[in-house]
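In what follows, chains carry the letters A, B, and so on, assigned in the order in which the sequence lines appear, proteins first and then strands, with residues in each chain numbered from 1.
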Amino acid sequence: MLDIRLIRSDPELVRQSIERRGGDSAPLDGLLKADERRRALLRDVEALRAERNQVSEEIAKIKRGGGDAADMIAEMRKVGDRIKELEADLREVEAEQDRLALEIPNLVSEDTPEGTTEEENVVVREWGEPREFDFEPRPHWEIAVNLDIVDFERATNIAGANFEVFKGDGARLRRALIGFMVDVHTQEHGYTEVAPPIIARRDSLVASGHLPKFEDDQFHVRENDMFLIPTAEASLVNIHRDEVLDAQTLPVSYVAYTPCFRFEKFSGGKESRALIRQYQFDKVEMFKFVLPETSMDELESLVRNAEAVYQRLGIPYKLALLCAGEMGIQAVKAYDPMAWFPGMGSWLELSSCSNCLDYQARRANIRFRRERGARPEFVHTLNGSGLAVGRTFAAVLENYQQEDGSVVVPEVLVPYMGGTRVIGRN
RNA sequence: GGAGAGAUGGCCGAGUUGGUCGAUGGCGCACGACUCGAAAUCGUGUAGGCGCGCAAGCGUCUCGUGGGUUCGAAUCCCACUCUCUCCGCCA
């Protein structure tokens, strides 16, 4: 969430960001009103409390001296009742304010492009040449099914639509991608590997920004009100929940492989097919806790870390700077590296890298101290996929397919595939 | 799932006949003294949130969380959460 003092002192800045995202600024107006009301109540309550504290002390003195304080006590009983009334009002206003504050999206960075649709994202750089095919390249679902390395039909036996079964060399390729990605980030980019819980409490998803707004998209465990994580970001940000980190330890960089679960009810269209949008998918996620003044540089480095995976895999991509309306509510600035899918004939993100400034850190109450005795400040957090495994799997199939339907294994994955260089029909 | 214990400041650990307790003490840390320097020793200081204020500062809240009783609660009552131990079950 945003600092209420910022919202108070510069509401138009916040309104502008909401409008740039194409959002509704009604919650902002409600929030401002609630805040004003809250502060007025607080002033009254605190004045009465101060009076009560003072008189109670006098009562204690009188009683110790064996005196009679009956009239003071009677007086304070009235004050106490009044305080209770005001406190009830205050609680109500505070709850309202909190509810609205969670809905206000983060600011939007100056250099974020205007717009609310994918077409308005701005390509900032490109890497790799889309391969020339001397045959008609097939979409990944045809390749996968023909090779019998992914089985969508039988997944429905287990879980219904929007799942897949990886099989044989497909299952191995999936593991190879995970192992390769995690190794690149730990060994070359300095991240610490973690394996967090993939089910999290409600408050953890509120902290990450996925609740309350997107509850409909989450798999919910009714029994204990927990959620299957939609991304490892939800787990990783909460690792340091309520902590005050030592500035010396920053930046803290984690990478985690986890399954992710998203119950996105809309579907259909080429870009939702097969491995592109599933209820369950694998993802390697990078996450950083950093000093505020470094977060924009850290975003650049995070994107480079994601791009390195594309490059090592030899998958051509365009790096898109997302327009205001395409970003998640936590982000002030975000990049999506978009991979080329020759079979589908489209560019599709395998990753999204965001700088959240202190928006998430505020929700999760994660701070740091510059030096001993200094007052704690909120850290900045960044997250980025490094990469989404299912989509990367699909991108590999489409980019490395051969005319006979087999798929060449990218050089860097060969060691992870036990030396297998080509996936063909068995 | 059953039984029990517990949750206090950066850490350890007092405090439960309600009344200067935001909290004794120790450790750690910072500064100072002593020292050529250091160790040891001594002294001083050392939580966070919110509100008001240009600021100094003042006020208020916080002893797991939320309610309640009371003029007044870390201390009494209720609910919840979490942690630990033992038993059971289990990969």
Side-chain angles (χ1 to χ4, degrees), chain A residues 1-10 31-102 195-207 211 221-227 235 238-250 252 259 358-359 361-379:
Chain A
M1 62 183 80
L2 294 172
D3 186 348
I4 183 64
R5 280 167 293 205
L6 170 71
I7 296 173
R8 203 146 65 205
S9 66
D10 198 350
L31 179 62
L32 289 166
K33 214 175 284 177
D35 176 54
E36 203 172 315
R37 174 112 194 286
R38 187 191 115 248
R39 284 184 300 150
L41 279 169
L42 195 57
R43 270 192 292 275
D44 294 347
V45 168
E46 292 195 344
L48 289 174
R49 280 172 178 165
E51 183 187 351
R52 182 180 66 185
N53 287 345
Q54 205 182 329
V55 174
S56 287
E57 220 170 280
E58 286 171 36
I59 291 172
K61 264 183 222 157
I62 291 169
K63 287 217 161 182
R64 262 198 307 271
D68 175 44
D71 48 343
M72 289 175 104
I73 288 176
E75 181 74 16
M76 283 307 101
R77 185 171 293 146
K78 275 188 244 164
V79 172
D81 289 345
R82 182 66 186 142
I83 290 175
K84 224 159 261 177
E85 282 171 31
L86 292 176
E87 280 177 339
D89 292 346
L90 188 61
R91 271 199 298 276
E92 211 172 290
V93 177
E94 276 173 347
E96 170 79 351
Q97 183 176 339
D98 288 347
R99 188 181 67 74
L100 292 168
L102 288 174
I198 61 172
I199 307 178
R201 271 190 273 116
R202 175 175 289 275
D203 53 310
S204 289
L205 265 74
V206 169
L211 291 180
V221 182
R222 182 177 312 183
E223 193 181 27
N224 54 5
D225 198 29
M226 292 179 92
F227 295 85
S235 295
N238 284 290
I239 286 180
H240 292 299
R241 197 52 179 290
D242 294 321
E243 284 188 41
V244 177
L245 303 170
D246 185 343
Q248 312 301 317
T249 66
L250 300 176
V252 173
D358 62 0
Y359 187 88
R362 248 171 230 291
R363 285 176 172 237
N365 190 29
I366 303 168
R367 297 173 295 172
F368 75 99
R369 229 186 272 277
R370 289 192 187 274
E371 56 198 58
R372 190 156 282 287
R375 61 185 3 252
E377 299 169 50
F378 289 106
V379 299

Exercise for the section: Step by step, work out the side chain to side chain contact (heavy atoms under 4.5 Å, CB included) result for A/Met76 and A/Val79. Expected result: CA-CA 5 Å; A/Met76 283 307 101; A/Val79 172; 3.7 Å; yes
Would one find a side-chain N or O of [X] under 4.0 angstrom from OP1 or OP2 of [N]?
X: A/Arg369; N: B/rA47; answer: no
X: A/Asn53; N: B/rU60; answer: yes
X: A/Arg52; N: B/rA73; answer: no
X: A/Arg367; N: B/rG49; answer: yes
X: A/Arg38; N: B/rC50; answer: no
X: A/Arg43; N: B/rU60; answer: no
X: A/Arg39; N: B/rC52; answer: yes
X: A/Lys84; N: B/rU69; answer: yes

Distance check needed: [N] [atom2] versus [X] [atom1], whole Å only.
X: A/Arg91; N: B/rC50; atom1: CZ; atom2: C1'; value: 16 Å
X: A/Arg362; N: B/rG49; atom1: CZ; atom2: P; value: 11 Å
X: A/Gln97; N: B/rG49; atom1: CD; atom2: C1'; value: 14 Å

Interatomic distance at P, B/rC11 relative to B/rC52, whole Å
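Pairwise P distance, B/rC11 against B/rC52, rounds to 31 Å.
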Considering every strand shown, what is the Watson-Crick or G-U wobble mate of B/rC29 when both distances are under 3.5 Å?
->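 B/rC29 is paired with B/rG45.
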Quiz prompt | First encountered from the 5' end of RNA chain B, between A/Arg201 and A/Ala50 | solution =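 Mapping each residue to its closest nucleotide by heavy atoms, the 5'-most match is A/Ala50.
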Out of A/Arg362, A/Arg370, A/Arg369, which one pairs with A/Glu377 under the salt bridge (Lys or Arg N to Asp or Glu O under 4.0 Å) rule?
->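 Of all the options given, the one that passes is A/Arg370.
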Picking from [options], which would you name as closest to the side chain of [X]?
X: A/Arg77; options: B/rG51, B/rG48, B/rC71; result: B/rC71
X: A/Met76; options: B/rC71, B/rG67, B/rG51; result: B/rC71
X: A/Ser56; options: B/rG72, B/rC52, B/rC50; result: B/rG72

- Apply side chain to side chain contact (heavy atoms under 4.5 Å, CB included) to the pair A/Arg8 and A/Glu36, showing each step before the final yes or no. CA-CA 9 Å; A/Arg8 203 146 65 205; A/Glu36 203 172 315; over 6 Å; no
- Atom pair CD1 (A/Ile7) and CG (A/Leu2), whose distance is rounded to the nearest 0.5 Å: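 Reported value, rounded in 0.5 Å steps: 4.5 Å.
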